[in-house]
Amino acid sequence: MTTDTLARDPASTVPLSQMDVSDPKLFQSDTIGSYFARLRREDPVHYCPESAYGPYWSVTKFNDIMQVEVNHQTFSSEAKLGGIALQDMQGGEASLELEMFIAMDPPKHDAQRKAVSPVVAPSNLALLEPIIRERAGFILDSLPIGEEIDWVDRVSIELTTMTLATLFDFPWEERRKLTRWSDVTTATPETGVVSSFEQRREELLECAQYFKDLWDKRANEPPKPDLISMMVHSPATRDMPYLEFLGNLLLLIVGGNDTTRNSISGGVLALNQNPAEYRKLMADPGLIPKMIPEIIRWQTPLTHMRRTALMDAEIGGRKIRKGDKVVMWYLSGNRDDEVIDRPNEFIIDRPNSRHHLSFGFGVHRCMGNRVAELQLRIIWEEILKRFSKVEVVGAPERTLSNFIRGFTYLPVKLHPH
Amino acid sequence: MPTIIFIEPDGAEYPIAVKSGTTARDAAVNNGVPGIDGDCGGECACATCHVHVDAAWMARTGMAEPGGMEANLLQFAEGSTENSRLACQITMTDDLDGLMLRIPDGQH
């Protein structure tokens, strides 16, 4: 980039007092990085007095984010205060009020998380790994060689949906219902996914009925290692109120859907943009376990989490007032050179690659982080067995969102060994 | 220099001698003991350095403080028991020389 283009770059010319990093278009065009770089340099804990989401603080440095993460006594996730994203959680008569532990504070959060976390615990995942691997192989074997295909739809969505179906032992032929319900759960009429809140409510009630039937069926079968069976047969959860059961199921569906999907696509793009790293990987597939956390840092599939201050506090020398909206920008913290060496480089054998913010920290740290890593490890192991290269052959299209950093389209061609 | 003995689920032992003041998490991560990731960097924020303190040593290491961050995180860790601690919260002293820490199966 020349000095001239730098000078014209709005990221470097907009007055700090007017800098608003919440515009979803900055994420869709992938130009947000230079805004965050400037904030880290000039105003690391930044107040934006006016935005489409109201006033909010941006916390942009790794260590400041960590400080907010571990202080859940001060920085609340409570849905009634607005919840966990820049966009306040929807209330009102047309929406279905779902209880999800990600948007609760301790102690209620703790009890609910403990009830569902065994399904993604390492010992349970070990039972599921062979099934996930077999299904990943099936997806890859069904792809045409040498033809342009959309990696997002054919592989990333398919694999994550399939894994969810495996975790729930969900009827296989109907698994894309899970993708749909995930999209509907996070949808508002503006997104175009649903045309009204009434439609959203109806589809979620249909989802509720579907899971109610599965619940009843599992209750009459011997215990199995799927989530629904575990909850039906566990004394801690079998009497859970139905809307809580549904809310937590949907949390797992959303959490497992929009995140890993985009890390699967992001990894393919990153390796194509860094051919030396792709060659390194082909020369030594043993690097896969080290590469996976680097892909997750690089992609940062959730750009942020939001908290609400329950009392006055201080972050990085700035005074935060009770009631303020505080946004922890993981995407920015993951590029902070005070903590991460050469953060703007994608390095598949990076030492200490697990030290990233993409899973969050503290009591709300991503419960499914091992499932995410497992799926990414399996898909890359199976890709390397089959293809000499997954070649990106056109421009990717990115998600219009300031929350989900993802791809809607990634054209690739597969090359055999 | 006090020594920590890390015991893997398969029984393999890793004796690591460290300077007093070093945490058990740093001792494991800096010496490549398998099963301790320590993702958060030792900040008591992720529970990827979960260990079971050998029963004979519990009196000297103590339990995780009830209601504190360490206990908050341990309640979500697989296989958590009353002997569970986060290795980042155990600071080595001469008094802990010979400390035996068992690594839970499948932590990584």
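As the structure is a prediction and not an experimental result, all values here were calculated from the model. Below, chain A is the first sequence line, B the second, and so on; all start at residue 1.
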Quiz item: Are the side chain of A:R354 and the backbone N or O of B:C40 linked by a donor-acceptor pair below 3.5 Å?
Solution: no
Exercise. Could you have a look at B:Q107, B:Q75, B:M69 and say which one has the most heavy-atom pairs with chain A under 4.5 angstrom?
Key: B:Q75
Quiz prompt | Rounded distance [0.5 Å steps], CG in B:D39 versus CG in A:N352 | solution = 9.0 Å
Quiz prompt | Over all atoms of both residues, closest heavy-atom pair of B:A45 and A:V70 | solution = CB-CG1, 3.5 Å
Exercise. Quick one: pull up CG in A:L125 and CD in B:E78 and give me the separation to the nearest 0.5 Å.
Key: 8.5 Å
Quiz item: For B:N72 and A:H72, what are the C-alpha separation, side-chain angles and deciding distance, and is it a side chain to side chain contact (heavy atoms under 4.5 Å, CB included)?
Solution: CA-CA 11 Å; B:N72 276 338; A:H72 57 258; 3.5 Å; yes
Exercise. Go through A:H356, A:E373, A:M367, A:M66 and name the one with the most non-hydrogen pairs under 4.5 angstrom from chain B.
Key: A:M66
Quiz item: Can B:D37 and A:K290 be said to form a salt bridge (charged side-chain N to carboxylate O under 4.0 Å, His left out), step by step?
Solution: CA-CA 12 Å; B:D37 286 334; A:K290 261 199 123 55; over 6 Å; no
Quiz item: Between A:H364 and B:F76, does the ring centroid distance fall short of 6.0 Å?
Solution: no
Exercise. Using non-hydrogen atoms and a 4.5 Å limit, figure out which bit of A:A126 sits close to chain B: side chain, backbone, both or neither.
Key: neither
Practice problem: Working to the nearest 0.5 Å, report the span between CZ of A:F359 and OG1 of B:T48. | Solution: 11.0 Å
Practice problem: Calculate, to the nearest 0.5 Å, the distance between atoms NE2 and SG belonging to A:H355 and B:C46 respectively. | Solution: 9.5 Å
Quiz item: Near A:Q73 CD, under 6.0 Å, is it more than 12 heavy atoms from other residues, nucleotides or ligands?
Solution: yes
Exercise. Return yes when atom CD of B:E82 has more than 12 non-hydrogen atoms of other residues, nucleotides or ligands closer than 6.0 Å, and no otherwise.
Key: no
